[in-house]
Amino acid sequence: GLPATPYLDPITKYTFLGIRDLSGFIFGIMMPPLPTTNTPTVATHDDASNANDAIIQIISPLNIEATGWGGIVFGPQMIGSLIIVVWPSNGVGGDGKRKVLISPRIAIGNSGPDMVKFYTSTPLTFRKIDQGTFVNDTHVGATFICGGCVGAEKSFRFSDDGKGKAVFSFAYSAMPIMENSGPRDSGRYAVITDHRSRGERFGDFDVDLGKARNDDYGKLAGLAEGAALPGVGTTSLGSGKTTT
């Protein structure tokens, strides 16, 4: 695939490494800089530092009814890889705005309503950054710390020097998220609809993980909502729980 390249996000004013597709789909990633001490450059997954975290930005086009979803696949294909899916809530919250929902998924097949399952292999947390998280008439956007995503099962990981390369994929759908035996906005029970039903674009691209490391990581991460607790918060759906 094509290589991910740096782009300046006009909303947060920070530079990400990523892609900007002709469809309007945007993906960006920012990761902490390499340690400057003798600490390991590759941490174990239960390390308490931010070594397993990344800031992710997903901006995805919506249909004329302002519904749909967008996702990034931490692998060259959807089947068997960790997928992070974002979509706008159906209703509005107490502030009169629609929420942006984030859900970890894994695909076990190519088609059918039950082919994209809720991901439970590794506990993940999602802490949104308000400046880059929005819903409007044409797009849904989510900028967030993906806690534990690096090195998680079925995800990407660094090489021994703390850099390395990976192949990611993207997909989006103009079809709205569907309900299945639970609240549509809960994340866990939402059904991810087919991303090819209306000719939507999708594809893979190459990511140089070393180039995704950014000295500004701490500044942008500092804008994220409160402390990351597994499964707590409107966008922390790692354990299938959410608060509204």
Side-chain angles (χ1 to χ4, degrees), residues 11 18-19 21 23-28 55-74 78 81-93 95-107 111-120 124-146 149 168-202 225 231 233-244:
I11 302 174
I19 61 163
D21 187 67
S23 63
F25 183 96
I26 297 173
F27 163 77
I55 298 177
I56 301 296
Q57 181 172 77
I58 299 173
I59 299 177
S60 187
L62 299 175
N63 61 27
I64 59 173
E65 297 175 342
T67 59
W69 62 265
I72 193 69
V73 184
F74 290 142
M78 293 186 72
S81 298
L82 170 61
I83 309 168
I84 307 298
V85 182
V86 305
W87 70 91
S89 65
N90 187 33
V92 298
D95 59 358
K97 298 179 180 180
R98 299 169 73 186
K99 294 186 301 183
V100 174
L101 293 133
I102 307 171
S103 184
R105 298 287 169 144
I106 190 163
S111 61
D114 296 318
M115 290 297 101
V116 182
K117 301 288 188 179
F118 189 81
Y119 173 91
T120 58
L124 304 176
T125 59
F126 305 115
R127 294 171 56 199
K128 70 179 179 179
I129 297 170
D130 284 341
Q131 289 88 330
T133 302
F134 63 90
V135 184
N136 58 32
D137 291 340
T138 60
H139 290 81
V140 58
T143 304
F144 56 96
I145 298 175
C146 194
C149 283
F168 292 174
S169 309
F170 78 93
Y172 68 94
S173 176
M175 297 292 289
I177 294 287
M178 298 172 59
E179 293 182 6
N180 183 23
S181 70
R184 174 187 182 275
D185 293 345
S186 70
R188 186 182 188 96
Y189 300 103
V191 176
I192 307 302
T193 47
D194 191 347
H195 67 90
R196 300 164 296 180
S197 60
R198 298 184 181 180
E200 296 93 330
R201 292 168 59 87
F202 61 94
E225 63 182 7
T234 55
T235 55
S236 295
L237 302 172
S239 68
K241 299 178 182 178
T242 183
T243 58
T244 56

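Side chains are part of it too, since the values below use all heavy atoms of this structure and drop only hydrogens, waters and symmetry mates.
Here the closest heavy-atom approach between residue Ile84 and residue Ile58 is recorded as O-CD1, 3.8 Å. In terms of heavy-atom proximity, Pro88 sits nearest to Gly68 at CD-O, 3.4 Å. The two residues Pro104 and Leu124 make their nearest non-hydrogen contact at CB-CD1, 4.0 Å. Here the closest heavy-atom approach between residue Val140 and residue Trp87 is recorded as CG2-C, 4.0 Å. Considering every non-hydrogen atom in both Asn136 and Ala66, the closest pair reads O-CB, 4.1 Å. Between Ile11 and Phe134, the shortest heavy-atom distance links the atoms CD1-CE2, 3.6 Å.
We find the CZ-CD1 distance between Arg127 and Ile55 to be 9.5 Å, quoted to the nearest 0.5 Å. In this structure, the separation between NZ on Lys128 and CD1 on Ile145 is 13.5 Å, given to the nearest 0.5 Å. Between the CG atom of Asn63 and the OG1 atom of Thr138 there is a distance of 11.0 Å, given to the nearest 0.5 Å. Summarising the geometry, atom SG belonging to Cys146 is positioned 11.0 Å from atom CD1 belonging to Ile72; distances are rounded to the nearest 0.5 Å. Rounding to the nearest 0.5 Å places CZ of Phe168 at 6.5 Å from CD1 of Ile56. The CG atom of Leu62 lies 7.0 Å from the OG1 atom of Thr67; values are rounded to the nearest 0.5 Å.
Checking Ser103 against Arg105 by side-chain atom types alone, a donor-acceptor pair falls below 3.5 Å.
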>> Run the side-chain contact (heavy atoms from CB on, under 4.5 Å) test on Phe126 and Val86 for me, step by step, so that the C-alpha distance in whole Å, both residues' side-chain angles and the decisive distance to 0.1 Å come before the verdict.
In response: CA-CA 11 Å; Phe126 305 115; Val86 305; over 6 Å; no

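Taking the side chain as every heavy atom from C-beta outward, Thr143 and Gln131 never approach each other to under 4.5 Å. Side-chain atoms of Phe144 and Glu225, non-hydrogen and from C-beta on, never get closer than 4.5 Å to each other.
Atom CG of Asp137 has 12 or fewer neighbouring heavy atoms from other residues, nucleotides or ligands inside a 6.0 Å radius.
When atom types are taken as modelled, the side chain of Ser60 and the backbone of Phe25 share no donor-acceptor pair closer than 3.5 angstrom. In this structure a side-chain-to-backbone donor-acceptor pair under 3.5 Å is missing from Asp21 to Gly24.
Checked against the 6.0 Å centroid criterion, the rings of Phe170 and Phe27 do not qualify as a close aromatic pair.
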